[in-house]
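Report on one structure; see the data block that follows.
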Protein chains: 2
Amino acid sequence: MVNSTPSPLQNLQQAGLRLTPQREAIYALLTETDSHPTAAEIYEILKPRFASLSLATVYNTLETLVNLGIINALGGAGDSQTHYDADTSPHVNLACLACNTIVDIPSTLVQEIHQEVSQNSGFKVLGARVLYYGLCPTCQAKETTPNR
Amino acid sequence: MVNSTPSPLQNLQQAGLRLTPQREAIYALLTETDSHPTAAEIYEILKPRFASLSLATVYNTLETLVNLGIINALGGAGDSQTHYDADTSPHVNLACLACNTIVDIPSTLVQEIHQEVSQNSGFKVLGARVLYYGLCPTCQAKETTPNR
DNA sequence: TTCTAAATTTAGAATTATTATAAATAAAAT
DNA sequence: ATTTTATTTATAATAATTCTAAATTTAGAA
């Protein structure tokens, strides 16, 4: 029998785009981590393995994957950088304003909101960012005075 | 009898900050509009009334108000600018990727998610951005091919 | 009222994430 | 093989935001 769960990367070829080593590595990195890295972080991680890698390629690839709908771009995690997430299912992102980490939280309510918005707004809903922010348990322990 | 509904701006003075004409005008503008303006838009609107107004002051004030929790900063509306919202109650923001307008949608589900996240995550939740994006009815009619 | 210290505004410079450009490379099609 | 198209790459350009330092305003003390 053939491969049972095809990679979303195959959407690339179906769209007439090429599955290059850079694109494969960037997407694989996103699926294997839960750290919601930025473009710069992805670049730093992959540079040892791809000596010629350019930061522009990372940005290009991320934009391509976002347009294909197989990854999501998350903004506003306390820093001023865009974070990327290979989990495109409806879920809550919870960001710590102190250490800028983002964790995922599954929630059935998010899916209900999705339906609610789609049905009542008249919009053609293409995606969502449900982002909560605050202080993670670790940073709560460290800082008595949260932020200012 | 005294003023019945105190302005959230009084939080400024309670925090030892000053209620300057610039701060008053910026906050008033935000409460009187439902257009979720950017810093640059606020600056352009208020410049005729405050000849000496600086864009830096707009940014400073918006940061101050966000830190006080009386306005929210919204990112990721399709453009690369931060939009500001004087409505800090839990609600859904729905952005059109084509014309970059943002509309508010009340939703009881958002408040439920808020509780769910607060209770299950261990985070100290300080705020949220529930942003859906897509195409508004007007832009759906205009564009047959959405974006790229 | 005047003085003093702190807060605020302001103009402009600096920063920086992201995008655009154009040449080089790689892959697919003919 | 050759041609065409897609992609990568280095670098320049863009633009939103932040920083800096001087000028101004304010609140309260003297």
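Chain letters run A, B, ... following the sequence lines, proteins first, then strands; residues in each count from 1.
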Are the side chains of B/Thr64 and B/Leu12 in touch, meaning some heavy atoms are under 4.5 Å apart?
-> yes

Report yes if some heavy atom in the side chain of A/Asn93 is under 4.5 Å from a heavy atom in the side chain of A/Val103; otherwise report no.
-> no

Answer yes or no: is there a side-chain heavy-atom contact under 4.5 Å between A/Ile105 and A/Val110?
-> no

Do any N or O atoms from the side chain of A/His83 and from the backbone of A/Leu74 form a donor-acceptor pair under 3.5 angstrom?
-> no

Residues in side chain to side chain contact (heavy atoms under 4.5 Å, CB included) contact with A/Val125, at least two apart in sequence or another chain | A/His114, A/Val117, A/Ser118, A/Phe123, B/Tyr132

Counting N and O atoms only, with roles assigned by atom type, does the side chain of A/Thr61 sit under 3.5 Å from a partner on the main chain of A/Val58, one being a donor and the other an acceptor?
-> no

Any side-chain heavy-atom pair of B/Asp85 and B/Ile71 under 4.5 Å = no

Send over the distance from A/Leu62 CG to C/dT18 P, rounded to a whole Å.
-> 10 Å

So what does A/Thr57 touch, heavy atoms closer than 4.0 Å: a base, only the sugar-phosphate, or nothing?
-> base

Please, which pairs that meet salt bridge (charged side-chain N to carboxylate O under 4.0 Å, His left out) have at least one residue in residues 23-49 of chain B, sequence neighbours excluded?
-> B/Glu44-B/Lys47

5' to 3' on DNA chain D, which nucleotides open and close the contacts with chain A (atom under 4.0 Å from a heavy atom)?
-> D/dT5 to D/dA10

Could you check which residues of residues 12-43 of chain A get a heavy atom under 4.0 Å from DNA chain C? Sort them by number, please.
-> A/Arg18

For B/Thr57 and B/Leu53, indicate whether the former's side chain and the latter's backbone hold a donor-acceptor pair under 3.5 Å.
-> no

ring-ring contact (aromatic ring centres under 6.0 Å, His included): which pairs involve residues 7-32 of chain A, sequence neighbours left out?
-> none

Scan nucleotides 12-17 of chain C against the protein and return all N/O pairs shorter than 3.5 Å with their distances rounded to 0.1 Å.
none

Nucleotide paired to C/dG12 in any strand shown, Watson-Crick or G-U, under 3.5 Å | D/dC19

